Structure formats: structure tokens, C-alpha cells
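In this text the structure is predicted, and so the values were computed from the model without any measurement.
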Protein chains: 2
Amino acid sequence: MSKSIKCLPNKIHKMDRFLEICLLIILSKESGYGYILLGHLEEYGFSQEELNVGSLYRVLRGMEKNGLVSSVWETSSQGPDKRVYEITEVGKSELSWWMEVLAERREKIKFVLEKYNYLKESKLL
Amino acid sequence: MSKSIKCLPNKIHKMDRFLEICLLIILSKESGYGYILLGHLEEYGFSQEELNVGSLYRVLRGMEKNGLVSSVWETSSQGPDKRVYEITEVGKSELSWWMEVLAERREKIKFVLEKYNYLKESKLL
DNA sequence: ATATACTATATGCACAATGCACATAGAGGA
DNA sequence: TCCTCTATGTGCATTGTGCATATAGTATAT
């Protein structure tokens, strides 16, 4: 079914700013620019094909606007200029706050999955 | 901070149609109408104050529009008429599909939380 | 020289999901 | 008559996201 093979991967990450959260974690380890962050995101399940680059850049701009990251232009001998992002203290505390949210989300999901499995076992479904 | 005490509970459920998923599970057990579903939702973490009733009703109407549930009006001796919802076969298979999505979301969240904890332990944060 | 591919960043438009506020109305009690 | 509780819904705006497109520098091959 087209839904299962196409929509499922896209649905998984649809969790209110999940991309932003992943970016904050990646940038906690080391600074980076948009195009290279694309690669780092694969580890988090964002395949190059799924993730549309436009969203990534827009999210990054938004994060700087909100003070979570700061950027500087870096001129390289090879390739176009890169806007390199660095996480700020505000970004770090925001990340810490998001981790609380994620922990709670995880619990909610766990609860729902268990409810469903119980229904299955009870032959109610 | 107002963010921590006010926004966190709202953010937790912001996972693309989480309300719809919960409703599908509740309606799998037994049919029900909007106002009473409000009560059942507390178990899933939707407190009466947080959850705005309008959204609930709109989601239910949308679910019927998409064939996930069907409704009949029930006239009661006490109180206004109730629109009682029942899950359909389409709704059941949709629910099964959502459980796959939730399982994957859970894994993504787990991955991110572990990444963060590793950063903490490594004193990188 | 020219074309193509790769690197790199960004915007315009549209849609779906959600939140806030408000509208409607029946029933029961003070 | 007024208020509260039950019960269902709509209007409007905002946010998050996706798709398509624009822009431009660099490298490599033809």
C-alpha cells in the first residue's frame, strides 16, 4: 500500500519540532552548517530523500531568530560560503527542556501501545 | 518559569494526531459520544483544562468524514441529544497502522534521549 | 567555452493540525 | 428568571511542515 511504504517514514518524525531538537543535539557536540547537518541527520532517521532541505534551512533560521543558535559566515577555498551555526546557552537550556518533553512523550506512547496490546490480547480487536 | 508549568503539558501531546489515535483506542473498547470521551481522555493525559473541547469535536467529525468512525444520534430523557460514535473496520486497520508509527516514534525518542544522556555524561554539556 | 553536477542557502505558496474564543441549545435546580 | 451542567459545534488565526522553485559559487568533463 502506498500509505504504508510512503507515508509512514514521514509520519514518524512528525512530532512538533523534532527536527529542531535533533539539530540542537547535533550542534551540542560541534558547530556545523546546514548542508553538513543534512548528513548528520541521517543517524536520526532523516534520510536525504525524505527530508526536504528547505525545511532544514528554515528551521535553522528560526532557531537563530529565537536565540537558540548563533551563526557566522565562513568563507572556504572550496565551495560556496557556509553559514556555520553554534549552539547558545539559551539553546542548551531549551534542549534540556525539550528532553523533559520527550521523556513524557515517550511515556504517553508507551501507555497507548500497552493499551492497544491489551485490547489485542483480550480479543477485543 | 511560565514555559515549564504551562507549555510543557501542551507540548507533550503534540504528536501529529495523537488525540485521534487515543480516540480510536477508546472507541475500540466501547462506543461513546464526545462529552463522555472527554472524561476517558484524562487517563491518556488530556486534562479537562488543557484539552479544548472544540478540537475534540472537530477531530471526531473529521474521523467520521474519513470513515474511521460512524455516528448515530441518541436521544436521552436527560440532557441534550448525544452523537454516539462507533469505530469502523477502516478505523481498526487505521489504528493498527498508527501503532506501527508510534512504535517507530518511540524508538526515535529513545535514540535522542540516549544521545543527550551520553552528551551529559561526557561533560560535553 | 560550455554544460553538467555538486555544494550551499534560502523563499513562496499551500495545507494540515492545533489553540482560542465564541455560538447554540436542552435540562434541571435555586 | 437566572445559573449551571450537559452536549455539540464553528470562525479565525497561528504554527509546523511539505513541495516547488530561486540563486549562486565551484569543480569536472566534454
Asker: Whole-Å distance between C/dA17 P and B/M63 CE?
Answerer: 12 Å
Asker: Report yes or no: does A/S71 contribute a side-chain atom to a donor-acceptor pair with the main-chain N or O of A/V84 at less than 3.5 Å?
Answerer: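 Looks like no, no N/O pair under 3.5 Å.
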Asker: For the side chain of A/K11, counting heavy atoms from C-beta on, which of D/dT8, D/dA27, C/dA17 is nearest?
Answerer: C/dA17
Asker: With rounding to the nearest 0.5 Å, note down the distance linking NZ in A/K115 to CD1 in B/I26.
Answerer: 8.5 Å
Asker: Which one, D/dT8, D/dT17, C/dA16, comes nearest to the side chain of B/R17?
Answerer: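 Out of D/dT8, D/dT17, C/dA16, the nucleotide with an atom closest to B/R17's side chain is C/dA16.
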Asker: If you look at every strand shown and take non-hydrogen atoms under 4.0 Å, does B/V59 touch a base, only sugar-phosphate, or nothing?
Answerer: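 Touches nothing.
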Asker: Would you kindly give the CG-to-P distance between B/L19 and C/dT18, to the nearest whole Å?
Answerer: 7 Å
Asker: I want to verify a distance call: between D/dA7, D/dG9, C/dA10, whose nearest atom is closest to the B/W73 side chain?
Answerer: D/dG9
Asker: Rounded to the Å, how far apart are A/D81 CG and D/dA24 P?
Answerer: 13 Å
Asker: Look at the side chain of B/N52 and decide which nucleotide, out of C/dA10, C/dG19, D/dT8, has an atom nearest to it.
Answerer: C/dG19
Asker: Would you mind reading off the distance between A/M15 atom CE and D/dT15 atom P, rounded to a whole angstrom?
Answerer: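 Interatomic distance, CE of A/M15 to P of D/dT15: 21 Å.
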Asker: Whole Å only: how far is the CG atom of A/L23 from the P atom of C/dT9?
Answerer: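 About 13 Å, once rounded to whole Å.
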Asker: Can you work out whether A/E50 or A/G79 has the more 5'-proximal nearest nucleotide on DNA chain D?
Answerer: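 Between the two, 5'-proximity favours A/E50.
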Asker: Determine: side-chain N/O of A/Y35 to OP1/OP2 of C/dT9, distance under 4.0 Å, yes or no.
Answerer: no
Asker: Do the side-chain N and O atoms of A/Y85 and A/R61 include a donor-acceptor pair separated by under 3.5 angstrom?
Answerer: yes
Asker: A/F18 has an atom CZ; how far is it from atom C1' of D/dG18, in whole Å?
Answerer: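 The distance from CZ of A/F18 to C1' of D/dG18 comes to 18 Å, rounded to the nearest Å.
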Asker: If I take atom CG in residue B/L56 and atom P in nucleotide C/dC22, what distance separates them, rounded to the nearest angstrom?
Answerer: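 From B/L56 CG to C/dC22 P: 20 Å.
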Asker: Heavy atoms only, 4.0 Å cut-off, all strands: where does A/G54 land among base, sugar-phosphate and nothing?
Answerer: base
Asker: Between C/dA16, C/dT7, C/dG26, which nucleotide gets closest to the side-chain atoms of B/P80?
Answerer: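 Looking only at heavy atoms from C-beta outward on B/P80, the closest nucleotide is C/dG26.
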Asker: Would you mind classifying the nucleic acid contact of A/F46 as base, sugar-phosphate or nothing, using non-hydrogen atoms under 4.0 angstrom?
Answerer: nothing
Asker: Which nucleotide sits closest to the side chain of A/R83: D/dA27, D/dG9, C/dA10?
Answerer: C/dA10
Asker: Remember a base hit wins even if backbone is also touched, and classify B/R58 as base, sugar-phosphate or nothing at under 4.0 Å, heavy atoms.
Answerer: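 Base contact - B/R58 has a heavy atom under 4.0 Å of at least one base atom.
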Asker: Are A/S28 and B/Y116 side-chain neighbours, meaning at least one heavy-atom pair lies under 4.5 Å?
Answerer: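 Result no, sub-4.5 Å side-chain heavy-atom pair not found.
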Asker: Are OP1 or OP2 of C/dA10 and a side-chain N or O of A/Y57 less than 4.0 angstrom apart?
Answerer: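 So the side-chain polar atoms of A/Y57 never come under 4.0 Å of the phosphate oxygens OP1 or OP2 of C/dA10.
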Asker: Between B/Y44 and A/F111, what is the ring plane arrangement, given parallel below 30°, perpendicular above 60°, and tilted in between?
Answerer: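 Rings of B/Y44 and A/F111: perpendicular, as their planes differ by over 60°.
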Asker: So A/L113 and B/M99, do their side chains get closer than 4.5 Å, heavy atoms only?
Answerer: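 In short, these two side chains touch, coming nearer than 4.5 Å.
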Asker: In whole Å, I'd like the distance from the NZ atom of A/K14 to the P atom of C/dC15.
Answerer: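 After rounding, the reported distance stands at 14 Å.
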